[in-house]
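Okay, so here's the structure we're looking at.
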Amino acid sequence: MALSRLASSSSSSSSRSADLLKPLCSAISLRRPISTDTTPITVETSVPFTSHQCDTPSRSVQTNAKELLTFFRDMALMRRMEIAADSLYKAKLIRGFCHLYDGQEAVAVGMEAAITKKDCIITAYRDHCTFVARGGTLLEVFAELMGRQAGCSRGKGGSMHFYKKDSNFYGGHGIVGAQVPLGCGLAFAQKYSKDEAVTFALYGDGAANQGQLFEALNISALWDLPAILVCENNHYGMGTAEWRASKSPAYYKRGDYAPGLKVDGMDALAVKQACTFAKEHALKNGPIILEMDTYRYHGHSMSDPGSTYRTRDEITGVRQERDPVERIRKLILSHDLATEKELKDIEKEIRKEVDDAIAQAKENPLPESSELFTNVYAKGLGVEMSFH
Amino acid sequence: MAAIFQGVGAAAALSSSPSNSFDSKKFVSSPCRSFSVRKGASFAVVRSDGRVNLNPKSRRAQQLISNAVATKSDSAAASSSSKPGHELLLFEALQEGLEEEMERDPHVCVMGEDVGHYGGSYKVTKGLAKKFGDLRVLDTPIAENSFTGMGIGAAMTGLRPVVEGMNMGFLLLAFNQISNNCGMLHYTSGGQFTIPIVIRGPGGVGRQLGAEHSQRLESYLQSIPGIQMVACSTPYNAKGLMKAAIRSENPVILFEHVLLYNLKERIPDEDYICNLEEAEMVRPGEHVTILTYSRMRYHVMQAAKTLVNKGYDPEIIDIRSLKPFDLYTIGNSVKKTHHVLIVEECMRTGGVGASLTAAITENFNDYLDAPIMCLSSQDVPTPYAGTLEEVTIVQPAQIVKAVEQLCQ
């Protein structure tokens with residue numbers, strides 16, 4: 001019965017999808033309901049949480065068919081998007097630095113499921129998927145990567161500078177660790193304005209050794225700010241393994257007086273559970289650290305092959321055992337929420353969506369030369385720069 | 001070139017309003033200057049009223065007094081009681097401006113070391129914590145990099161923090177935040193975020209504070225795109241610039257000077273601001289344009305007395321806006337006098353004077369009868385010994401000599 005209901009809803013969704021794909025200039029929502037079944041399903045996380053100075057949340061996560069299918073769709077979209085970016089980079093349509101997130105999708109998707117758009121997210125340069133999770137469109141992504149006008153930063157930011165103010169996504173930062181004090185500043189503003197919302201400041205295992213992190217954590221703990229520091233530990237700071245860079249790679253414990261939680265970052269449901277827990281904690285008790293144990297398949301960036309400091313076996317091993325998209329696919333199939341073919345159809349749809357967005361982005365014009373001088377200052381100052 | 005003037009003029013006209021009256025040069029100076037140095041384990045309070053046993057040589061003590069601040073102006077003292085307005089010291093003017101803006105807009109908050117309960121190491125934030133509470137006047141730990149970053153993050157959401165560096169030199173630790181985040185986020189986000197932050201603090205060469213506490217950060221920060229820099233020099237413009245900086249949607253860095261906090265002046269009672277992009281005409285003249293800012297203004301004024309006695313008529317402009325330069329006012333002056341002398345406290349290499357020289361040469365070369373002269377501090381770390389420190393910065397005698405040379 002569940003299957004037939006799903007079959008009808010997915011066929012109606014595929015006709016809707018055909019309609020939706022036509023006006024590509026308008027933002028394509030990633031939140032199309034694929035299944036409207038919201039009866040709760042309880043799933044156990046892959047591994048239990050480990051904590052430092054706090055209780056652990058339960059391993060049993062409440063979810064439902066709709067959410068799981070949304071997870072699948074969103075993560076598959078992100079995966080496809082990043083792989084497409086890889087090809088575009090190799091075709092020299094994307095230049096400079098390009099840091100891809102494939103493998104880490106569960107963090108972006110799980111986090112988004114636990115929070116609202118009133119909560120703020122700020123991250124470093126591996127920001128494409130986080131931007132999409134916050135509501136950014138594929139066109140904005142590809143146009144920005146190719147430096148076009150339709151990009152989210154009008155082509156002036158590039159891969160490392162995606163922002164979406166209306167969904168409280170604060171970027172997009174190139175200097176390692178510098179976004180964490182900014183994130184604590186966001187949390188301060190939330191407390192100041194009594195927003196009852198929290199800020200997730202994401203950073204990597206490499207940034208975890210930055211002094212400014214500890215400075216910001218200290219201030220956040222002193223002032224009781226609703227700041228959640230999330231270490232996306234993919235175990236390599238560019239080419240340096242975590243054990244070679246950190247005396248203590250237990251990043252969730254590094255907050256010392258601040259509580260921490262270690263989470264399987266490849267399990268979107270565990271991420272969702274941890275973020276729900278963290279939000280509640282931060283609103284009541286101040287800052288908390290989440291360490292997401294995750295993995296990136298690509299190298300640090302497109303300039304890094306990613307194989308000189310780790311073995312191919314390790315990479316394929318993780319892909320086989322811990323891939324986040326596969327985990328959700330298996331969950332969906334084992335709970336009979338969709339058939340293999342339906343999931344494959346979704347992936348085909350996604351592929352087309354991505355290809356269409358790329359085609360549209362390629363048509364999009366480069367910025368006008370006058371754009372060089374806009375947005376340097378607010379209110380059109382900076383006119384004197386024009387005499388060279 | 002005409003187009004540039006229009007642009008700058010238009011920008012000046014567009015930015016916030018009541019036009020600055022250029023008459024606020026007359027003031028009465030206070031002979032007592034005191035300030036504290038607090039960084040690291042020891043705590044030293046240095047008073048320079050010439051009576052303290054800093055140095056057995058009394059001659060040097062006398063020289064120190066004469067260097068710092070310009071002398072009384074004749075007419076102001078006589079009729080001060082009957083004039084409108086109220087008299088206060090520069091640090092009080094800054095505090096007044098800050099307090100008025102905090103009352104006016106609940107988004108304005110202050111963060112820095114010892115700004116709250118202690119009242120500020122230079123008393124600029126005195127009394128504010130009591131009045132506005134701990135959430136609006138925030139005592140930070142000694143962590144410039146992160147609290148400047150936090151101020152910028154808060155500004156991204158629409159708050160208007162005023163971040164104090166206890167000494168501008170300490171903000172070197174926050175350089176990354178100031179350059180990459182403060183200056184660039186408006187641009188790299190395609191205009192989505194504005195950063196209405198004010199970063200302020202005292203800098204400049206003080207009274208034997210040592211090399212690390214005598215820095216002129218305006219030369220390091222001037223290249224950062226997206227920020228505005230202003231330097232205050234009188235109580236009138238200190239309050240006006242503070243208010244304008246807080247109201248601006250752009251990040252503004254307000255440079256104060258350690259030795260100018262106790263200047264006294266009568267300022268208007270009514271609400272006023274000073275345009276951030278405008279220079280101040282201190283003394284109109286015909287023979288030479290002297291461009292200066294911050295404390296060097298007073299050395300120039302002192303030299304001007306000698307110059308006037310010698311028959312020169314210098315036009316003195318306090319440029320105030322270090323980024324962008326007010327090339328409109330400066331250009332008009334150059335067209336009139338055809339001679340330019342820049343007197344600054346930055347070091348010779350890469351200072352504001354160097355940039356100003358380039359800007360004037362590029363734009364007004366045809367109007368110059370002689371090459372631009374720029375007097376700057378020596379390219380050395382500021383020594384501790386008083387005699388050496390004196391020679392590090394530009395003194396009035398050098399300014400007189402430079403004008404004589406320039407106007408031959």
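In the text below, chain A, chain B and the rest are named by the order of the sequence lines, each starting its count at 1. Worth saying up front: this structure is predicted, and the values here are computed from it rather than measured.
For B:Pro196, no part lies under 4.5 angstrom from a heavy atom of chain A. For a residue to count as touching a neighbouring chain, one of its non-hydrogen atoms must lie under 4.5 Å from one of that chain's; by this rule A:Ile122 does not touch chain B. For a residue to count as touching a neighbouring chain, one of its non-hydrogen atoms must lie under 4.5 Å from one of that chain's; by this rule B:Ile152 touches chain A with backbone and side chain alike. Interface remark: B:Met111 contributes side-chain atoms only to the contact with chain A (heavy atom separation under 4.5 Å). Of the atoms belonging to A:Thr199, not a single heavy atom falls under 4.5 Å from chain B. With a threshold of 4.5 angstrom between heavy atoms, A:Glu371 approaches chain B through N, CA, C or O but not through any side-chain atom.
Here the straight-line distance linking atom CG of B:Asp139 with atom CD1 of A:Ile219 works out to 11.0 Å at 0.5 Å rounding. The CG atom of A:Asn375 sits 7.0 Å away from atom OG of B:Ser189, with the distance rounded to the nearest 0.5 Å. Atom CG of residue A:Leu182 and atom OG1 of residue B:Thr157 lie 11.0 Å apart, to the nearest 0.5 angstrom. To the nearest 0.5 angstrom, B:Met150 atom CE is 9.5 Å from A:Leu186 atom CG. Considering CG of A:Leu213 and CG of B:Asn145, their distance stands at 10.5 Å, rounded to 0.5 Å. Note that the OH atom of B:Tyr187 and the OH atom of A:Tyr377 stand 12.5 Å from one another [nearest 0.5 Å].
Per-residue counts of heavy-atom pairs under 4.5 Å with chain A were compared for B:Thr148, B:Ile227, B:Thr140; the largest is that of B:Ile227. Per-residue counts of heavy-atom pairs under 4.5 Å with chain B were compared for A:Gly174, A:Ala178, A:Ala216; the largest is that of A:Ala178. The residue among B:Asn176, B:Thr194, B:Asn180 with the most heavy atom pairs within less than 4.5 Å of chain A is B:Asn176.
The two atoms that bring A:Cys152 and B:Gln192 nearest to each other are O-NE2, 3.0 Å, heavy atoms only.
No donor-acceptor pair under 3.5 Å is formed between the side chain of B:Gln177 and the backbone N or O of A:Pro181. Between the side chain of B:Glu249 and the backbone N or O of A:Ala378, no donor-acceptor pair lies under 3.5 Å.
Within residues 153-172 of chain A, the residues approaching chain B closer than 4.5 Å by heavy atoms are, in numerical order, A:Ser153, A:Arg154, A:Lys156, A:Gly157, A:His161, A:Tyr163, A:Lys164, A:Lys165, A:Phe169, A:Tyr170.
Heavy-atom contacts from other residues, nucleotides or ligands closer than 6.0 Å to NZ of A:Lys362 number 12 or fewer. Heavy atoms from other residues, nucleotides or ligands lying under 6.0 Å from NZ of B:Lys130 number 12 at most. Summarising the local packing, CZ of A:Phe97 is surrounded by 12 or fewer heavy atoms from other residues, nucleotides or ligands at distances under 6.0 Å.
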Take B:Leu138 and A:Tyr192 through the side-chain contact (heavy atoms from CB on, under 4.5 Å) test and state the conclusion after the steps. CA-CA 11 Å; B:Leu138 301 137; A:Tyr192 192 98; 5.8 Å; no
